[in-house]
Amino acid sequence: MLGKTFDAAAVERTHYENWEKAGAFAADPNSSKVPYTIMMPPPNVTGSLHMGHALTFTIQDILVRYKRKTGNDTLWQPGTDHAGIATQSVVERQLAAKQITRRAIGREAFVEKIWEWKAESGGTITSQLRALGASPDWQRERFTMDEGCSDAVAKVFVELHKKGLIYKDKRLVNWDPELHTAISDLEVQQVESKGHLWYFRYPLEDDPSRHIVVATTRPETMLGDSGIAVHPDDERYKDLVGKYAILPLVGRRIPIVADEYSDPEKGSGAVKMTPAHDFNDFEVGRRHNLEQINIFDSRARINENAPEAYRGLDRFDARKKIIADMEEAGLLEQIEDIQHTVPHGDRSGVEIEPWLTDQWYCDAETLAKPAIEAVETGKTQFVPKSWENTYFDWMRNIQPWCISRQLWWGHQIPAWYGPDGSIFVEESEEAAQAAADAHYGATTEITRDEDVLDTWFSSALWPFSTLGWPEKTPELDRYYPGDVLVTGFDIIFFWVARMMMMGIHFMGEVPFSTVYIHALVRDQHGAKMSKSKGNVMDPLDLIEKFGTDALRFTLTAMAAQGRDIKLAESRVEGYRNFTTKLWNAARYAEMNECQWDASFDPKAATQTVNRWIISELAETEAKVSKAIDGYRFNDAAGALYHFIWGTYCDWYLEFTKPILSGADKAAAEETRKATAWVLMQAINLLNPLMPFITEELWSAFGGEGQLITTAWPDGLKEAADADAIAEMDWVVRLISEVRSIRSEMNVPAAAKIDLLLKDMSAQTVERLERNRDVIIRLARLENISATDDIPTGAVQGVIDEAMIILPIADVVDLAQERVRLEKDLGKLNGEIMKLDKKLSNESFISRAPAEVVEENRERLADEKTKRDKLAAALERIAAL
RNA sequence: GGGCGCGUAGCUCAGCGGGAGAGCACUGCCUUCACACGGCAGGGGUCGCUGGUUCAAUCCCAGCCGCGCCCA
C-alpha cells in the first residue's frame, strides 16, 4: 500500500544503488545497438555541487536516460579534472594553517599531500552527482591525472612540439603575484573600478625646460619606461618625434616615437611606453625596438632594475612614493578621476601583473583553423545556433595559448634541459636522456622543466583520452566522435574550443556533432549567484527539502533555450506538489485495484474514454520525444505536466469513476487495466526527468525489471482515435460550461439540478447517451433530458448546435442572469465583428490560403449560432 | 566602442506570420469516499514605443527607449 505522500529521501538511495548494482548505467562496447555518447565535462575534483552543475547534469542525464530507452547503447563518460590552481591552493591553505609552506616540504612531499587530500575529499562531487540521480557509467570514471590521461598528455605535448605547434617563448603573461603563476586570459576578470589618471611631465633631453606630458593609471610602471608614443598625425607633438626625453627619478634617455596606438583624444595624447608591463606597450615596443625593462619580481615588488630608492617596495607602495617624488620634483601636472577596468585573478582576487617570462605556448591559431571550419561546414552544430558567433569570434581572434603554469600540481611538462640549455622534449625521462646523450655524444646530466601544464590542456583531450587513446581501443573506435557536448556559454572557450582543436588534430574528426549551450542559473531576481552576495541556493538543500525529482523537474521546466533561469524556491515547491499529485493518482489506482497488465492492448480498447486517454497519451509521447530530440527540455516537462495533471488526473480519473463502480463488468475491467496501463506509460515518459518517483511507482505496480532499462513506449500512434478525442472534448466542454454557469449563478456546490438539452444533433444525442453518467456526476446533476421547450426563467448556455438549459428559476436572480448573458454576448459580438471584417476584405479572400479562409468562415458561423442562441435567451429573460 | 540577447497577465516565463498562453500569486465557492502539497469557478494583458513589409504582425524589417551579458 502506497503512503499518503511520496517520501523522496526514503527511496532515492535505494533505487540509485539498485541501478548501479544492475549495471544500468554501463555502456556495452559489444552491443549491436547504435552508440550514443556524451562526454561529461569533468567538474573540478575540488568542487561541490552548485546549481549550474545541477542544471547541466540534469540535462545530460535526461538525454542519456531517454536514449537508453529509445534503443541506443549509451556512454556517458564521467570523471573529474585536477583543477591545478584551485586544488593546489586548497592544500597550500591547509598547510599554511600549520605554518608550513610548500617550499619547506618540497615538491614531492607536497604533491603527495595533494593526492592524500584528493583521496579524502575528491569524491564529494561524484557522490553529489549520485544524489542528483545522474547515471553516467561510473565504472569508467576517469581523472585527468590518472595514468592513461597523463600518458595522453605527454604524447600530445611531444607530438605538437615536434610539429612546431608547441614552443617556448618570452612574452608577456597574466601573472598572478599572489599565486606566483601565469594564468590564462580566461581566468582574468575585468573589474570596473574608480581610478586616477596621473599627468607627469617628462623633460626633453635637448631642452630640459620643456616637457612632454604623459598620462598614466599606473605610475609605478614608469620605472620601466623605455619610450613615449604619440600619434603620427598629432600636430602638437610632430616636432618631438625622433627626439628624446629624460625619464624622471631614473634618468634614462627614452625616445619619442610616432605610433597609431596613441590616441590623441585620450589623456595628453602622449603615452609612456612600458613594454615589459603592458600588453599594448609590448606590441608598440616591438614595432619601435624599445627596450623591455622588467622592474618587478614574482611578487610584484620593485626589483634591481629600478633605482635603489624603490627596490623591494610593493607595487602599491611604490606607486605612492613615485607620485610623492614626482610632485616634489614639480613634475606632477594634474590628477584626473576616472572609471576604468582593472584585471584581477579570478582565483586569488588580486590585481594581475602583465609580466615578461619564459613560458610554453601552443600555436592555437593553427589548431583553430580546422576547428572553425568544422562549425562553418556544420560538422559540429551549436544549439541554439546563435552561440556559433561567440565561438567564431573567439576562435578567429585567438592568441597563442600559454600552457605552462608555475605550479606543482598538474602534468609536469615533458621537457628536459641540458647544461647548455638545449631542450629535449620526450615522453619519458629515459627517452629524453637518450636524446641528450646522443646530442652531446656522452652521458650528460639533464634536468626536467619545473612547470606543469594548464588544466585545460588535459581537459581538451578528454573526449578521446578517456577512451584509451593513443591505444586503438574498441571504445575509441565506437564512442568517438561523441554526439553532444552539454555546457554553459561561459565554458565555450574553455572546453568546447579546446576539445574541438585537439580532437580534430589528433583524431581527424570533431569530438561531438552537437554542442548544446544551456542557460545560467540565477537567483529569483536575475542576479548571478555568488557567495559574497549571499544569494546562493544549494541544490542539496533543495533536494533534501523537496526531493531530487522536484529539483530536476523544476530545472527542466525552466530550461528554455536562450534564456537564463531565474530560480525561486517556490517553483521547486510547486513541482514537488506535482510529484505528490502523481503519487496520489497512483494511490487511487492502487485503491481501485487497477492492476498493471503488460499484455493490455491499447488498440483493442472498446470504451471511448479509454480510447481517448490512450490517444492523449500518444500525443504526449510525440511531444515529449520531439522536445527532447530538439533539446527543448521545457516543452518536454510542460507536455508531461499537462498530461498527467490536467488530463489524466483532472478528467480521466473522474470520467472513469462511474465505470469502475458501474454494472458493466467488462467495461470496468478494461478501464481498470487502462488506468494502470496509461499511468505506467506516463511514468515511463516521465522517467528521464524524474527517475526516482517513477522507478518507485514502477516497482509498486509490478512493472517488469527496472524502469530505467525499460524501452520507451512504442506504437502508441496506432492506437490513437480522433473520434474519441472529439467526443471527450465535447464532454469536457459541456461539463465545463455547466459548472461555469452554476458557479456564476451561485448555485450551491452540493445542489443537484436538472440539465435540459435542446436542438441536439443525432451525434450529440449519441454522445450524451454514451457519457450520461459521467456528465451527471461531474456537473453535479440530478438528471439530463432532451427538450423542445424552454421553461420560464431557466438559465441558458450553448454548446455547438445545442442549447444548454438549467431550469433553476426558483434560485435564479434574473438581473444577475441578464448581466451574465450580456457579458457573453459582448465577447461574442466582438469576435464576430473581427471575423466579419476579415471575411469582407477582398484581398483576404483572394490572397490568403483557402484553408485559412475556410477556417475563418466556419468560426464565424459557429460564433453566430452561439450569439443568436444567447440573444434569444436574453430576450426571453427580458420578456419576464 | 564591438557583439549577443531580452522587454508578453502582479511575479517568473512559453509562444514567434492567421482565434493572446502556462506556472506561481490573487478572488469566490468546496472538510465531494486519490490528493487542502487538493477540487471547481473566476478576475487580470493597446504582447516596450514609432514606422515599414504583408490580405493579415505579439511574431518579419528599420529606428527609438529601457535592461542584461560577453568582448575590447
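The structure presented is a predicted model; accordingly, all values stated were derived computationally and were not measured. Quick note on labels: first sequence line is chain A, next is B, and so on, each numbered from 1.
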Detail all sub-3.5 Å separations between protein N/O atoms and N/O atoms belonging to nucleotides 28-36 of chain B.
residue	atom	partner	partner atom	Å
B:rA34	O2'	A:N584	OD1	2.8
B:rA34	O2'	A:R587	NE	3.4
B:rA34	O2'	A:R587	NH2	2.9
B:rA34	N6	A:C649	O	3.3
B:rA34	N6	A:E654	OE2	3.3
B:rA34	N3	A:N584	O	3.0
B:rA34	N3	A:A585	N	3.3
B:rC35	O4'	A:N584	OD1	3.1
B:rC35	O2	A:K581	NZ	2.8
B:rC35	N3	A:K581	NZ	2.8
B:rA36	OP1	A:K4	NZ	3.4

(message) Could you tell me how far B:rG2 sits from B:rC64 if I compare only their P atoms? Round to whole Å.
(response) 12 Å
Please list every donor-acceptor pair under 3.5 Å in which a side-chain atom of residues 775-782 of chain A meets a protein atom from a residue at least two apart or in another chain.
residue	atom	partner	partner atom	Å
A:R780	NH1	A:A749	O	3.4

(message) Which is more 5' along RNA chain B, the nucleotide nearest A:W651 or the one nearest A:V188? Just name the residue.
(response) A:W651
(request) Using a 4.0 Å heavy-atom cut-off, write out nucleotides 18-24 of chain B from 5' to 3' as B (base contacted by protein), S (sugar-phosphate only) or - (no contact). (result) BBS-SB-
(message) Could you check whether A:R867 and A:N829, counting side-chain N and O atoms only, form a donor-acceptor pair closer than 3.5 Å?
(response) yes
(request) Whole angstrom is fine here: how far is it from CE in A:M745 over to P in B:rG42? (result) 14 Å
(request) Tell me, please, which residues at least two apart from A:H518 pass ring pair (Phe, Tyr, Trp, His ring centres under 6.0 Å). (result) none
(message) What is the separation between atom CG on A:N397 and atom P on B:rC70, rounded to the nearest whole Å?
(response) 18 Å
Enumerate, atom names and distances included, each donor-acceptor pair closer than 3.5 Å involving a side-chain atom of residues 673-682 of chain A, sequence neighbours excluded.
residue	atom	partner	partner atom	Å
A:K673	NZ	A:D597	OD2	3.1
A:T675	OG1	A:Y652	OH	3.4
A:T675	OG1	A:T671	O	2.7

(message) Regarding A:E351 and A:R218, does a basic nitrogen lie under 4.0 Å from an acidic carboxylate oxygen?
(response) no
(message) In whole Å, I'd like the distance from the CE atom of A:M558 to the P atom of B:rA14.
(response) 9 Å
(request) Check the pair A:I183 / A:V188 against side-chain contact (heavy atoms from CB on, under 4.5 Å), numbers first and verdict last. (result) CA-CA 8 Å; A:I183 61 173; A:V188 175; 3.9 Å; yes
(message) B:rG42, OP1 or OP2 - any side-chain N/O from A:S740 closer than 4.0 Å?
(response) yes
(message) Using heavy-atom distances to pick each residue's nearest nucleotide on RNA chain B, tell me which of A:N634 and A:N841 is more 5'.
(response) A:N634
(message) Rounding to an integer number of Å, can you tell me how far A:F655 CZ sits from B:rC40 P?
(response) 11 Å
(request) Could you work out the separation of B:rU58 and B:rU46 based on their P atoms and round it to a whole Å? (result) 13 Å
(request) Figure out the CH2/P separation between A:W394 and B:rC4, and round it to whole Å. (result) 20 Å
(message) When the C1' atoms of B:rA22 and B:rG45 are compared, how many Å lie between them, rounded to an integer?
(response) 14 Å
(message) Would you measure the distance from the C1' atom in B:rC59 across to the matching atom in B:rG15 and give it in whole Å?
(response) 9 Å
(request) Determine the Euclidean distance between corresponding P atoms of B:rA57 and B:rC24; express it in Å to zero decimal places. (result) 34 Å
(request) Anything below 3.5 Å on both distances counts as a pair; with that, list the stems of at least three consecutive Watson-Crick or G-U pairs involving RNA chain B. (result) B:1-7 with B:65-71, B:10-13 with B:21-24, B:26-30 with B:38-42, B:48-52 with B:60-64
(request) Report the residues that fulfil ring pair (Phe, Tyr, Trp, His ring centres under 6.0 Å) with A:H344, sequence neighbours left out, ordered by chain and then residue number. (result) none
(request) Sequence neighbours left out, what passes salt bridge (charged side-chain N to carboxylate O under 4.0 Å, His left out) with A:D541? Give chain and number order. (result) none
(request) Write out all pairs satisfying side chain to side chain donor-acceptor pair (under 3.5 Å) with one or both partners inside residues 570-584 of chain A, taking only residues at least two apart or from two chains. (result) A:N584-A:R587
(message) Between C1' on B:rG39 and CZ on A:R742, what's the gap in Å once rounded to a whole number?
(response) 14 Å
(message) Expressed as a whole number of angstroms, how long is the span from A:W387:CH2 to B:rG3:C1'?
(response) 11 Å
(message) Once ring pair (Phe, Tyr, Trp, His ring centres under 6.0 Å) is applied, do any residues pair with A:Y631, and if so which ones, sequence neighbours excluded?
(response) A:Y516
(message) Using a heavy-atom cut-off of 4.0 Å across all strands, would you classify A:D393 as base, sugar-phosphate, or nothing?
(response) nothing
(request) Using whole Å, report how far CD of A:E851 lies from P of B:rA56. (result) 18 Å
(message) Using the ring pair (Phe, Tyr, Trp, His ring centres under 6.0 Å) criterion, which residues pair with A:Y391? Sequence neighbours excluded.
(response) A:F382
(message) In whole Å, measure the gap between the C1' atoms of B:rA25 and B:rU54 for me.
(response) 40 Å
(message) Checking A:L839 now: which residues fulfil side chain to side chain contact (heavy atoms under 4.5 Å, CB included) with it, not counting sequence neighbours?
(response) A:F844, A:I845, A:V853, A:N856, A:R857, A:L860
(request) Using the P atom on both, measure B:rG63 against B:rG5 and round to a whole Å. (result) 14 Å
(message) Over 60° means perpendicular and under 30° means parallel, so tell me whether A:W495 and A:W456 are parallel, tilted or perpendicular.
(response) perpendicular
(message) Using atom C1' in both nucleotides, what's the gap between B:rA20 and B:rG52 to the nearest angstrom?
(response) 24 Å
